[in-house]
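Just below is one structure, and these are the notes that go with it.
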Amino acid sequence: MSEENQYTFENEAYRKTYWHTCSHILAQAVKRLWPEVKLAIGPAIENGFYYDLDSPFPFTPELMEQIEGEMRKICKEKLKLERFELPREQALEFMKDEPYKLELIHDLPEDAVISFYRQGEFTDLCAGPHLDSTGRVKGNAIKLTSCNAAYWRGDSSRQTLQRIYGIAFPKKDELDAYLQRIEEAKRRDHRKLGKELGLFMLRDEGPGFPFFLPKGMVLRNTLIDYWRQVHKKYGYVEISTPMMLNRQLWERSGHWEHYKDNMYTTVIDDVDFAIKPMNCPGGMLVYASEPHSYRDLPLRVGELGLVHRHELSGALHGLFRVRCFTQDDAHIFMTWDQMKDEIKNVVKLFDEVYSVFGLSYEIEVSTMPDDHMGDEKDWEFATETLKKAVEEMGKTYSINEGDGAFYGPKLDFHLADSLGRTWQCGTIQLDMQLPERFELEYVGEDGLKHRPVMIHRVVLGSIERFIGVITEHFAGAFPLWLAPVQVKILPVTDRAHDYAKALNTRLNDADIRAEVDLRSEKLGYKIREAQLQKIPYMLVVGDRDMENGTVSVRTRGGVDLGAMSLEDFLNKCEAQISAKSMDV
């Protein structure tokens with residue numbers, strides 16, 4: 001990193017140090033205003049900072065504003081941050097009025113360095129690092145964003161604390177831009193839009209188990225139809241494997257030992273069974289069910305498999321983190337010398353799919369972890385093959401050192417949406433171990449039996465999560481080909497009802513998803529409601545349209561396209577749908 005960027009937010013270390021200092025300023029402000037509040041911890045996090053506090057009263061929005069004001073004063077005071085150390089007994093005496101700090105000190109090793117940071121009258125137990133002065137923080141670019149409950153040390157049996165979150169930037173315009181992005185993200189929240197657009201619902205009767213509603217099923221099935229279309233084009237066959245398999249299989253795959261706590265299990269005829277948390281072992285059984293020759297390879301096998309994983313209730317989040325989801329899996333069985341071409345073939349498929357949704361991506365190569373299985377030479381060959389395949393396609397990548405799975409290296413595809421947020425969806429995972437565990441074989445050109453190598457890959461990640469991603473990406477205004485309702489027909493008067501019904505029949509016969517609004521409401525109200533439902537096209541039909549056999553076309557964005565024949569409108573829709581255009 002260049003020297004001029006060392007002390008900017010482009011430098012992650014500086015950014016985290018800046019936010020860590022802000023957390024201390026927050027704690028100091030609280031202690032100035034309410035000395036009786038007890039301090040817990042206050043780290044920098046991915047987007048800002050927080051401090052956990054034990055307070056006898058709730059931190060209301062009004063109190064948060066008071067804290068912000070005090071923080072700005074502390075910044076203006078330009079208090080020097082000074083680090084010092086104390087022996088254990090002195091440290092305990094120094095923190096005697098802060099029970100949570102005392103617990104942290106007691107938990108430190110006997111020979112640990114116990115360090116503190118002092119700024120003015122305020123001192124906190126802390127390992128650092130920090131900025132050298134509170135004056136380095138711009139007080140007018142600090143915002144406390146929320147206050148939530150948090151358990152001390154993440155333990156639900158311990159004290160419930162209040163966690164105040166904040167964000168800060170070196171310049172106010174950067175803070176303003178960030179807050180605007182946050183507001184836009186709230187507007188696009190897939191949970192909010194899912195309810196408003198009638199796509200899906202979440203119920204207390206099934207936490208983490210989403211219900212898809214009629215319009216959501218249209219969206220889901222359209223997405224799956226496209227998935228099947230593109231996979232057929234790229235030479236995949238599709239299978240379906242059982243949702244529940246016995247313990248012996250999961251022991252063989254390694255899941256019973258390493259993943260059992262996340263699996264739902266039951267007993268049938270005195271035998272342990274588990275609902276599948278992933279599709280791979282079933283795919284291995286399908287491959288092993290018949291002999292294979294080198295002529296059969298590569299064998300590309302796709303599966304839209306419903307999997308179940310036990311997630312902690314606190315981790316559940318709309319469609320992004322659920323307990324059951326449909327994984328768009330594929331397993332590719334191949335020879336070692338086919339590996340590079342197959343990786344390229346998968347990346348080409350990814351390119352085609354992501355471009356349809358207007359999603360760009362960055363690639364990350366995850367390399368051999370310390371707890372890997374298999375020969376290091378095989379790992380080296382596989383990792384280099386991943387890199388070369390990407391390089392030969394003219395793409396760049398970053399390295400995530402040591403973050404591969406224990407059975408092989410991988411490529412992760414981080415998608416960027418319309419707000420610049422990233423989502424990890426696609427993965428290409430090489431596996432040299434499952435074929436060994438399941439004793440998979442093929443007969444080579446030499447007439448001898450050989451072990452195939454395989455690729456696990458997902459392009460969407462899961463159908464449910466990807467629906468959440470594109471709902472926020474498009475803000476619910478899906479392209480015409482994906483929209484659950486593509487056309488809303490709005491008769492101006494009762495006289496146009498029969499004409500509107502006939503149009504609706506014609507459109508649906510042409511596989512255009514249309515609805516007609518026959519309610520006795522004002523036209524402006526109907527148009528506004530259709531726009532709120534983000535329906536791509538509205539056909540306003542009145543006496544003149546009946547006479548001329550036309551439709552007056554409006555877009556959800558409020559553009560009046562004027563009158564046209566139904567045939568012309570159908571041709572327009574069919575061309576957009578065929579091209580999967582994002583224009584409306």
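As a basis for the values below, the full set of heavy atoms in this structure was taken, side chains included, without hydrogen atoms, waters or symmetry mates.
Salt bridge status for Glu238 with Lys232: absent, with no side-chain N to carboxylate O gap under 4.0 Å. Between Glu352 and Lys233 a salt bridge is recorded (basic side-chain N to carboxylate O distance below 4.0 Å).
A donor and an acceptor atom, one from each side chain of Glu380 and Thr383, are nowhere located under 3.5 Å apart. One side chain, Asp351 or Tyr361, offers a donor N or O that lies under 3.5 Å from an acceptor on the other. Using modelled atom types and a 3.5 Å distance limit, the side chains of Tyr537 and Gln576 yield a donor-acceptor pair. Side-chain contact, Thr367 with Glu401: a donor N or O sits under 3.5 Å from an acceptor N or O. Donor-acceptor pairing under 3.5 Å is recorded for the side chains of Trp423 and Asp417. There is no side-chain donor-acceptor pair under 3.5 Å between Glu362 and His414.
Atom NZ of Lys388 sits in a sparse spot, with 12 or fewer heavy atoms from other residues, nucleotides or ligands closer than 6.0 Å.
Relative ring orientation between His308 and Tyr264 is described as perpendicular, the plane-to-plane angle rising above 60° on a 0-90° scale split at 30° and 60°. The aromatic rings of His331 and His456 sit perpendicular, their planes meeting at an angle over 60°, well past the 30° parallel limit. Ring planes of Phe478 and Phe474: perpendicular class, angle over 60° (limits at 30 and 60°).
By the 6.0 Å and 45° rule, Lys16 does not stack over the aromatic ring of Trp19. Both tests pass for Arg220 against the ring of Phe212: distance under 6.0 Å to the centre and angle within 45° of the axis.
A ring pair (Phe, Tyr, Trp, His ring centres under 6.0 Å) with Phe333 is found for exactly one of Phe438, Tyr442, Tyr287, namely Tyr287.
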